[in-house]
Amino acid sequence: MSAQHIYDFAPLGSIVRYSDGTPQPPARHTRKRAVWETTNNAGCLIRKQQGRRGGVEGFLATFTLRTGDIATCGIIVVKVLRTFDVRSRLTFTVVEQALIGSVRVLSGEGDDRELLNLAEDPAAAERWRELSGYRQAVLEAVAADELAVEFVEGRAVA
């Protein structure tokens with residue numbers, strides 16, 4: 001699946017795998033494996049941004065995956081994010097979608113939103129919002145109609 005398909009069809013909260021098609025190096029090759037993981041990994045789709053006109057080529061539409069966290073003493077110090085534009089040559093696969101009835105905790109409104117947390121129910125989302133300090137965050141339930149695009153083996157099927 002192309003990056004454009006992820007941007008067009010995958011809802012926020014989906015787990016997306018990306019790959020350049022090269023085989024994974026053996027575990028003993030730690031440096032080669034670290035380099036390989038920059039183009040072969042997975043993450044949670046947390047943001048989609050529309051392209052804007054301007055400049056020589058303009059800005060392309062992009063999406064961002066949260067591929068991991070760096071924590072100390074149970075506190076997340078750094079969120080590891082990876083942003084792709086819709087022209088990326090990598091291959092993308094939707095591994096998992098958010099469950100119907102789960103609740104997204106989003107910063108902002110409209111087209112420029114970022115997924116902060118995906119909770120299993122409204123009560124859990126409200127608790128997370130209060131404990132995390134994001135009191136202005138918007139809660140949005142995952143509805144069946146937004147998951148209308150079915151992904152078979154990671155590919156969009158109309």
Side-chain angles (χ1 to χ4, degrees), residues 1-25 29-71 76-100 102-119 125 128-129 132-134 136-158:
M1 175 180 295
S2 71
Q4 183 70 56
H5 282 98
I6 295 298
Y7 180 83
D8 291 340
F9 299 117
L12 294 180
S14 299
I15 304 299
V16 177
R17 181 174 310 283
Y18 56 93
S19 174
D20 65 0
T22 59
Q24 182 176 3
H29 297 286
T30 55
R31 287 187 185 144
K32 286 182 183 179
R33 195 173 192 143
V35 170
W36 178 84
E37 286 178 354
T38 63
T39 55
N40 296 275
N41 207 339
C44 181
L45 181 61
I46 63 164
R47 185 177 213 166
K48 295 180 184 183
Q49 289 187 291
Q50 291 183 346
R52 295 176 179 84
R53 300 264 184 233
V56 177
E57 290 186 36
F59 295 104
L60 297 172
T62 61
F63 61 91
T64 302
L65 303 178
R66 183 174 177 176
T67 58
D69 296 323
I70 299 173
I76 296 173
V77 179
V78 177
K79 295 178 187 177
V80 182
L81 306 177
R82 183 82 196 267
T83 300
F84 302 91
D85 70 48
V86 294
R87 292 187 309 185
S88 175
R89 293 181 182 215
L90 298 175
T91 302
F92 297 86
T93 305
V94 175
V95 178
E96 181 181 323
Q97 293 187 65
L99 297 174
I100 297 170
S102 58
V103 179
R104 294 183 187 100
V105 181
L106 302 163
S107 69
E109 291 183 16
D111 293 332
D112 193 23
R113 305 179 303 168
E114 182 178 339
L115 178 69
L116 300 171
N117 187 40
L118 184 63
W128 186 91
R129 182 168 67 173
S132 67
Y134 288 99
Q136 300 299 319
V138 177
L139 302 182
E140 177 184 273
V142 176
D145 63 343
E146 71 181 88
L147 303 179
V149 174
E150 185 177 343
F151 292 93
V152 177
E153 295 181 6
R155 306 216 180 274
V157 178

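Residues satisfying the salt bridge (charged side-chain N to carboxylate O under 4.0 Å, His left out) test with Arg129, not counting sequence neighbours, are Glu126. Every residue two or more places apart in sequence or in another chain that forms a salt bridge (charged side-chain N to carboxylate O under 4.0 Å, His left out) with Asp69 is listed here: Arg66.
Counting only heavy atoms from C-beta outward, the side chains of Arg104 and Pro11 approach each other to under 4.5 Å. Here the side chains of Thr64 and Leu45 are not in contact, with every heavy-atom distance at 4.5 Å or above. Between Tyr18 and Asn40, every side-chain heavy-atom pair lies at or beyond the 4.5 Å cut-off. Within the 4.5 Å cutoff, no side-chain heavy atoms of Val105 are placed close to those of Leu118.
Few gaps surround CZ on Arg82; more than 12 heavy atoms of other groups in view lie less than 6.0 Å from it.
The heavy-atom pair separating Arg113 from Arg47 by the smallest distance is O-CG, 3.4 Å. Closest approach of Ala125 to Val103, counting heavy atoms only: CB-CG1, 3.6 Å. Between Gln49 and Tyr7 the shortest heavy-atom distance is O-CE1, 3.5 Å. Shown here for Val94 and Met1, the closest heavy-atom pair between the two residues is CG2-SD, 4.3 Å. Taking both residues in full, the closest heavy atoms of Thr22 and Asp20 are given as OG1-OD1, 2.7 Å, listed atom of the first, atom of the second, then distance.
Note that the CD atom of Glu96 and the SG atom of Cys44 stand 9.0 Å from one another [nearest 0.5 Å]. With rounding to the nearest 0.5 Å, the separation of CD1 in Ile46 from OG1 in Thr83 is 7.5 Å. Between atom CG of residue Leu90 and atom OG of residue Ser19 there is a gap of 7.5 Å, rounded to the nearest 0.5 Å. One finds the CH2 atom of Trp36 at 7.5 Å from the CG atom of Asn41 (value rounded to the nearest 0.5 Å). Between atom CD of residue Glu140 and atom CG of residue Leu115 there is a gap of 9.5 Å, rounded to the nearest 0.5 Å. Between atom CG of residue Leu139 and atom CG of residue Asn117 there is a gap of 10.0 Å, rounded to the nearest 0.5 Å.
In terms of modelled atom types and a separation under 3.5 Å, the side chain of Ser14 and the main chain of Val16 share no donor-acceptor contact. Checking side-chain atoms of Thr93 against main-chain N and O of Val95 turns up no donor-acceptor pair under 3.5 Å. Within the 3.5 Å criterion, the main-chain N or O of Ile70 finds no donor-acceptor partner in the side chain of Lys79. Between the side chain of Ser88 and the backbone N or O of Phe84, no donor-acceptor pair lies under 3.5 Å.
Under the 30°/60° scheme for interplanar angles, the aromatic rings of Phe63 and Phe92 are found to stand perpendicular.
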